Asks: 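Below are the structure tokens for one structure; questions will follow.
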Amino acid sequence: MKTETASFRALVTGATSGIGLAVAKGLLSLGHTVFMTGRNGPVLDRLLLEANDRGWKASGLACDLSRREEVERLIDTATEVLSGRIDILVNNAGIATFGSIEETTPEDFERLIAVNLRAPYLLSRAILPIMKRQREGLIVNISSVAGLEAWAGSSLYSMTKFALRGLTGSLLAEGAPFGVKTVAICPGYVATPLVSGAPVPETEMIQPEDILRTILYLKDLSPAAVSGDIVLKRLGGL
Ligand SMILES: NC(=O)c1ccc[n+]([C@@H]2O[C@H](COP(=O)([O-])OP(=O)(O)OC[C@H]3O[C@@H](n4cnc5c(N)ncnc54)[C@H](OP(=O)(O)O)[C@@H]3O)[C@@H](O)[C@H]2O)c1
């Protein structure tokens, strides 16, 4: 049985913090090539310097995914730097806002749709054809338990995370004849800055490295095997 995955090239969004950072660092430490993107340029530059000091194969570009033209620049740059081959796309970057519907604003709506939904759509639209040509590839969309269930105060966030699972289903169906897999990962509380105010101690949260492990598991499956959406629950709660 094959237990070791050959070296691959990945594009990870939201790689400057939390889950994306853990995924990018983990893949790099295993010898894979990672194109990292985040909004915070100085943080990204520092991470790239550190990675290169360790001899890791890291590259990247700071990009505000809420701006369509910046997403397009990211796609052009990443495909060029990765020489037109992308084995894994991790649509991870995301933002959250919680509050009753009266407390939300149309501006919040636009912002969440742009970052959590339009950016993964644009990236997938550009990268699925590359993977189809390769006849291999994995797109991982980081949804949430809030993409499976909605609560009072979660309207905008849940809308985007439910919709991301809709995108996932179509990408999976369209990529399947070409050997390209798409899976949504739906975690509960993960210990990252995004949920620093949550009513759950960090030590009782899912760890960002658990998402890395899940992606490695998906990548290691044989070509005909794919998982449905993966719900990663916190032991004893959401
Ligand atoms: N933490 C949780 O409990 C949890 C649970 C379920 C799902 N998720 C999902 O997991 C994903 C990652 O979240 P996290 O917890 O790791 O959050 P995080 O620590 O706040 O990291 C979010 C990442 O997204 C990037 N980002 C945000 N807005 C951006 C923009 N406009 N343009 C480009 N990049 C942008 C951030 O970049 P900068 O830092 O450079 O601005 C950062 O790298 C999100 O989609 C989130 O919804 C999280």
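Position 1 is the first residue of the sequence; numbering continues from there. These numbers were taken from a predicted model, which means no experiment stands behind them.
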Asks: Per the side-chain hydrogen bond (donor to acceptor under 3.5 Å, both in side chains) rule, what does the pair list look like for residues 10-23, sequence neighbours excluded?
Replies: none

Asks: Please assess K25 against E209 for the test salt bridge (Lys or Arg N to Asp or Glu O under 4.0 Å), listing each intermediate value before the final yes or no.
Replies: CA-CA 10 Å; K25 273 190 168 177; E209 291 72 20; over 6 Å; no

Asks: Looking at residues at least two apart in the chain, or sitting in another chain, which of them share a salt bridge (charged side-chain N to carboxylate O under 4.0 Å, His left out) with R213?
Replies: D210

Asks: Is there a donor-acceptor contact under 3.5 Å from the side chain of S66 to the main chain of V115?
Replies: no

Asks: Would a distance-only check, ignoring hydrogens and angles, find a side-chain to backbone donor-acceptor pair under 3.5 Å from N116 to I95?
Replies: yes

Asks: Please examine the side chains of L216 and L27, heavy atoms only from C-beta on, and report whether any two atoms are closer than 4.5 Å.
Replies: yes

Asks: So T97 and L112, do their side chains get closer than 4.5 Å, heavy atoms only?
Replies: yes

Asks: Answer whether the closest heavy-atom distance between the side chains of V71 and R68 falls below 4.5 Å.
Replies: no

Asks: Which residues satisfy the side-chain contact (heavy atoms from CB on, under 4.5 Å) test with P201, sequence neighbours excluded?
Replies: T203, E204

Asks: Sub-3.5 Å donor-acceptor pair from the side chain of S170 to the main-chain atoms of L167, do we have one?
Replies: no

Asks: Is it true that E50 and R46 have a side-chain N and a carboxylate O under 4.0 angstrom from each other?
Replies: yes

Asks: Using 0.5 Å steps for rounding, measure from the CG atom of L148 to the CZ atom of R165.
Replies: 4.5 Å

Asks: Does the side chain of S154 reach to within under 4.5 Å of the side chain of K161, using non-hydrogen atoms?
Replies: no

Asks: In terms of ring plane angle, is the pair H32 and F8 parallel, tilted or perpendicular, where the classes change at 30° and 60°?
Replies: parallel

Asks: Counting neighbours of OH on Y121 that are heavy atoms of other residues, nucleotides or ligands and sit closer than 6.0 Å, is the number greater than 12?
Replies: no

Asks: Taking side chain as C-beta onward, heavy atoms only, is E70 less than 4.5 Å from L74?
Replies: no

Asks: Tell me, yes or no, whether the heavy-atom count around E202 atom CD, taken from other residues, nucleotides or ligands under 6.0 Å, exceeds 12.
Replies: no

Asks: Got V23 and V140 here, is their nearest side-chain heavy-atom distance under 4.5 Å?
Replies: no

Asks: Got a donor-acceptor contact below 3.5 angstrom from the T160 side chain to the Y157 backbone?
Replies: yes

Asks: Just jot down the side-chain contact (heavy atoms from CB on, under 4.5 Å) partners of T168, sequence neighbours excluded, or say none.
Replies: N141, T182, A184, D229

Asks: Does the side chain of P199 reach to within under 4.5 Å of the side chain of Y189, using non-hydrogen atoms?
Replies: yes

Asks: Using the side-chain contact (heavy atoms from CB on, under 4.5 Å) criterion, which residues pair with E110? Sequence neighbours excluded.
Replies: none

Asks: Which residues pass the salt bridge (charged side-chain N to carboxylate O under 4.0 Å, His left out) test with E102, sequence neighbours left out?
Replies: none

Asks: Just wondering, are more than 12 heavy atoms of other shown residues or ligands nearer than 6.0 Å to NZ in K181?
Replies: yes

Asks: For R111 and E107, run salt bridge (Lys or Arg N to Asp or Glu O under 4.0 Å): C-alpha distance rounded to whole Å, both residues' side-chain angles, the deciding distance at 0.1 Å, then the answer.
Replies: CA-CA 6 Å; R111 212 164 40 89; E107 289 72 29; over 6 Å; no

Asks: Atom CG of L28 and atom CE of M36: how far apart are they, to the nearest 0.5 Å?
Replies: 6.5 Å

Asks: Could you tell me if the side chain of P208 sits less than 4.5 Å from the side chain of L21, heavy atoms only?
Replies: no

Asks: Is there a donor-acceptor pair closer than 3.5 Å between any side-chain N or O of E149 and the backbone N or O of G147?
Replies: no

